[in-house]
Amino acid sequence: MIQEIQIYNTLTRKKEVFEPLAAGKVGLYVCGPTVYGPPHLGHARSAITFDLLFRYLKQIGYQVRYVRNITDVGHLVADADEGEDKIAKQAKLDELEPMEVVQKYTNMYHQAMALLNLDSPSIEPRASGHIIEQIEEVKKILASGYAYESNGSVYFDVEKFASENEYGKLSGRKIEDLISNTRTLDGQSEKRSGLDFAIWKKAQPEHLMHWPSPWSEGFPGWHIECTAMSCKYLGETFDIHGGGMDLTFPHHEAEMAQSLAAHGKPAVRYWMHNNMITLNGQKMGKSLGNAISLEEFFSGNHPLLEKAYSPMTIRFFMLQAHYRSTLDFSNEALQASEKGLERLMKAVSKINSLPVSESSTIPVSEIAANCFAAMSDDLNSPIAIAGLFEGVKLINSVADGKSTISADDRDALNRLFHAFVFDIFGFKAENQLESGTSEVLSEVVDLLMKLRAEAKANKDWATSDKIRNELAAIGFDIKDGKEGVSWELKK
RNA sequence: GGUUCCUUAGCCGAGUGGUUAGGCGGCGGUCUGCAAAACCGUAUACGGCGGUUCGAAUCCGCCAGGAACCUCCA
């Protein structure tokens, strides 16, 4: 039996019970990155949000096909109409082939996502690999009468579409407002209205990326790729479409209109949007020049960063906030996440060695119910994490002998924590010792620990402190616990 | 300018009509040769002013401050 889950649908602006098109199966499409720059924190937020959805849906029993695209063609630069292909522009600056740029940043994206421990999507289609499909969509829209050709380019006729269909519902806009907002900007453009958007764009001679089409040598408009690829892999109508909130307009609004124009029915049943990462209260974004790349977070190599933050710290930081809230970046918040995650991970590794008793004072099923209820309420990961920390308190209490747990409950607790910590939240151990990188080093440090223990037994505090302090200077944490000494190498 | 949204303790962040969110930090304690770590306990709150209500951080109005989208964006 699959657990019921509620999802906030941007289209209706309320939480709705999720009912898949086909029982037990979910089609999920998420807008992936435009690969013309290194991946930053914002990319991670979107990717982690929908990774969480992907993982949770699988956990509660769904079979999910998760499609996340790579946009590697067709974006226009700021001057909207007559702009260059964004990727081509970057290519000239770097003196690289466009596809080389695409490859480079795609690799960087994959690498960062792997470090963040994201489950790979089921299919990761590239826009450049679906030019034919996109041309087919353009033909369908032309045939339906909602697009027109102009000087080798094809534009979607927004006003005509809006006169016969809903346009602006997703982003909460009224067509009249849009018209009055854009009409003044309308100059000598080949578009009939400033609202219209290109679904096929004729390439200027300096464009490096272009393909033949019935209308011109050119490239597809930005929005059409998602229509073509979601349709190809998930069908004309599918369950969930996700992406960053900043894509709601115009990208998703256009996509909605196009799909309806091309196929005669709505494509998406539930629209989900993650909110932005902010820096000093302002959106972090490449165009604002305040984006910190993931590589910089992992290395600590950025003026705003006090230290390096591991991928799991970033992941935990994100999941501590609800995906529909803005999340403000700060060193203090990140360091709090780092410590909180450490506490959680330590508790998980303790569960199996907890002493069992006849009876149990731990309300395991209650904790489990709370965690699942939170996640099923529009992916409320912060509440679920709070539930887990209730469990952490109890785990420590049993370890201290202040509470008792039965063997059955310990198993249940173990299953619960593994399901949430590893399978749903996707955390993994990052400690070097746990990943077993350097056996020889371990043995050497263990030897020093032994010498220190001997010195302590002889009350030779000078020697024992010297060993501790000098190892600390190298970067080792020496911890004297009740059950002996442990150590770890920081960084 | 238009549309939408936000304002919760030192920091980050849940909640959304009556019940402890949680994490980090602070403070107190346990442990320790000392310290650190670990663990336990604990205090501090709902931007301002009105209204609705038996009762509001939660609903409504006004004000202040901030943000997002309207152009490429996760």
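Convention: sequence-line order gives letters A, B, ...; per-chain numbering from 1.
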>> Under 4.0 Å, counting only non-hydrogen atoms across every strand here, what does A/N274 touch: a base, just sugar-phosphate, or nothing?
In response: base

> If you measure from the Lys or Arg side-chain nitrogens to the Asp or Glu carboxylate oxygens, is any gap between A/D446 and A/K450 under 4.0 Å?
Replying inline: no

> Hey, is A/W461 stacking on B/G33? Ring centres under 5.5 Å, planes under 30°.
Replying inline: yes

> Which is true for A/D328 with a 4.0 Å heavy-atom rule: it touches a base, it touches only sugar-phosphate, or it touches nothing?
Replying inline: sugar-phosphate

> For A/E332 and B/G13, what is the distance between atoms CD and P respectively, to the nearest whole Å?
Replying inline: 11 Å

>> Suppose you measure atom C1' in B/G65 against the same atom in B/C31; what distance do you get, rounded to whole Å?
In response: 48 Å

> Which comes earlier along RNA chain B counting from the 5' end, the contact point of A/A336 or that of A/G281, where each point is its nearest nucleotide?
Replying inline: A/A336

> What about A/S464, does its side chain sit under 3.5 Å from the base of B/G33 through a donor-acceptor pair?
Replying inline: yes

>> Give me the distance, rounded to whole Å, that separates B/G15 from B/G50 when you measure between the C1' atoms they each carry.
In response: 25 Å

>> What's the gap between B/U16 and B/G47 when it is taken at their P atoms, as a whole Å value?
In response: 16 Å

> To the nearest Å, how far apart are A/E253 CD and B/U4 P?
Replying inline: 14 Å

> If you take all heavy atoms of A/E296 and A/S293, which pair is closest and at what distance?
Replying inline: OE1-N, 2.9 Å

>> Over 60° means perpendicular and under 30° means parallel, so tell me whether A/Y109 and A/H43 are parallel, tilted or perpendicular.
In response: perpendicular

>> Quick one about A/Y105 and A/T34 (side-chain donor to acceptor, distance below 3.5 Å, no hydrogens or angles considered), yes or no?
In response: no

> Does A/K339 have a side-chain nitrogen or oxygen under 4.0 Å from the phosphate oxygens OP1 or OP2 of B/A37?
Replying inline: no

>> Using atom C1' in both nucleotides, what's the gap between B/A64 and B/G48 to the nearest angstrom?
In response: 7 Å

>> Taking A/D51 first and then A/R68, would you say they form a salt bridge - that is, a charged N and a carboxylate O separated by under 4.0 Å?
In response: no

> Just how far, in rounded Å, is P of B/G22 from CZ of A/F420?
Replying inline: 18 Å

>> Suppose we call a contact any N or O donor and acceptor under 3.5 Å apart; does that hold for the side chain of A/D465 and the base of B/G33?
In response: yes

> Which part of the nucleic acid, if any, lies within contact of A/I277, taking any heavy atom under 4.0 Å across all strands shown: a base, the sugar-phosphate backbone alone, or nothing?
Replying inline: base

> Looking across every strand, which nucleic acid part, if any, lies under 4.0 Å from A/H273 by heavy atom: base, sugar-phosphate, or nothing?
Replying inline: nothing

>> Tell me whether A/Q111 at atom CD has more than 12 heavy atoms from other residues, nucleotides or ligands lying less than 6.0 Å away.
In response: no

>> Under 4.0 Å from OP1 or OP2 of B/A74: is there any side-chain N or O of A/T49 that close?
In response: no

>> Measuring only the P atom in each nucleotide, how far is B/C5 from B/U42? A whole number of Å is fine.
In response: 39 Å

>> Using a heavy-atom cut-off of 4.0 Å across all strands, would you classify A/Q335 as base, sugar-phosphate, or nothing?
In response: nothing

> Can you find a donor-acceptor N/O pair under 3.5 angstrom joining the side chain of A/R468 to the base of B/C34?
Replying inline: yes

> How is A/E338 classified with respect to the nucleic acid when contacts are heavy atoms under 4.0 Å: base, sugar-phosphate, or nothing?
Replying inline: nothing

>> For the residue pair A/R126 / A/S128, report whether a side-chain donor-acceptor contact shorter than 3.5 Å exists.
In response: no

> Has A/N380 got a side-chain N or O lying under 4.0 Å from the OP1 or OP2 atom of B/G15?
Replying inline: yes

> To the nearest Å, how far apart are A/N280 CG and B/U7 P?
Replying inline: 19 Å

> In whole Å, what is the span from the OH atom of A/Y29 to the C1' atom of B/A74?
Replying inline: 14 Å

> If you measure from the Lys or Arg side-chain nitrogens to the Asp or Glu carboxylate oxygens, is any gap between A/E338 and A/K307 under 4.0 Å?
Replying inline: yes

>> Reading 5' to 3' and counting Watson-Crick or G-U wobble pairs with both distances under 3.5 Å, write the dot-bracket notation for RNA chain B, | for bases paired outside the strand.
In response: (((((((..(((.....[...))).(((((.......)))))....(((((..]....))))))))))))....

> Expressed as a whole number of Å, how far does the C1' atom of B/A68 sit from that of B/A74?
Replying inline: 13 Å

> Do any side-chain nitrogens or oxygens of A/S486 fall under 4.0 Å of OP1 or OP2 in B/A37?
Replying inline: no

> Is the phosphate of B/C39, meaning OP1 or OP2, less than 4.0 Å from a side-chain N or O of A/R343?
Replying inline: yes

> Looking at B/A36, does its base get a donor-acceptor pair with the side chain of A/D477 below 3.5 Å?
Replying inline: no

>> Work out how far the P atom of B/C27 is from that of B/A36, and round it to whole angstrom.
In response: 11 Å

> Taking atom C1' in both B/C12 and B/C54, what distance in whole Å separates the two?
Replying inline: 36 Å

>> Which is more 5' along RNA chain B, the nucleotide nearest A/K402 or the one nearest A/I478? Just name the residue.
In response: A/I478

>> By the 4.0 Å heavy-atom rule, please label A/T248 as base, sugar-phosphate, or nothing.
In response: nothing

> What's the CG-P distance between A/N290 and B/A67, to the nearest Å?
Replying inline: 12 Å

>> Nearest whole Å is fine: how far is B/A74 C1' from A/R68 CZ?
In response: 11 Å

>> Rounded to whole Å, please give me the gap between CZ in A/F317 and C1' in B/C24.
In response: 12 Å

> What nucleic acid atoms does A/A386 come within less than 4.0 Å of, heavy atoms only: base, sugar-phosphate, or nothing?
Replying inline: base

>> Would you say A/K393 places a side-chain N or O within less than 4.0 Å of OP1 or OP2 belonging to B/C40?
In response: no

> If only side-chain N and O atoms of A/N396 are considered, is one of them under 4.0 Å from the OP1 or OP2 phosphate oxygen of B/C40?
Replying inline: yes

>> If you take the centroid of each ring, where Trp contributes its six-membered ring, are A/Y29 and A/H241 closer together than 6.0 Å?
In response: yes

> Using the benzene-type ring in the case of Trp, are the ring centres of A/F417 and A/F422 under 6.0 Å apart?
Replying inline: no

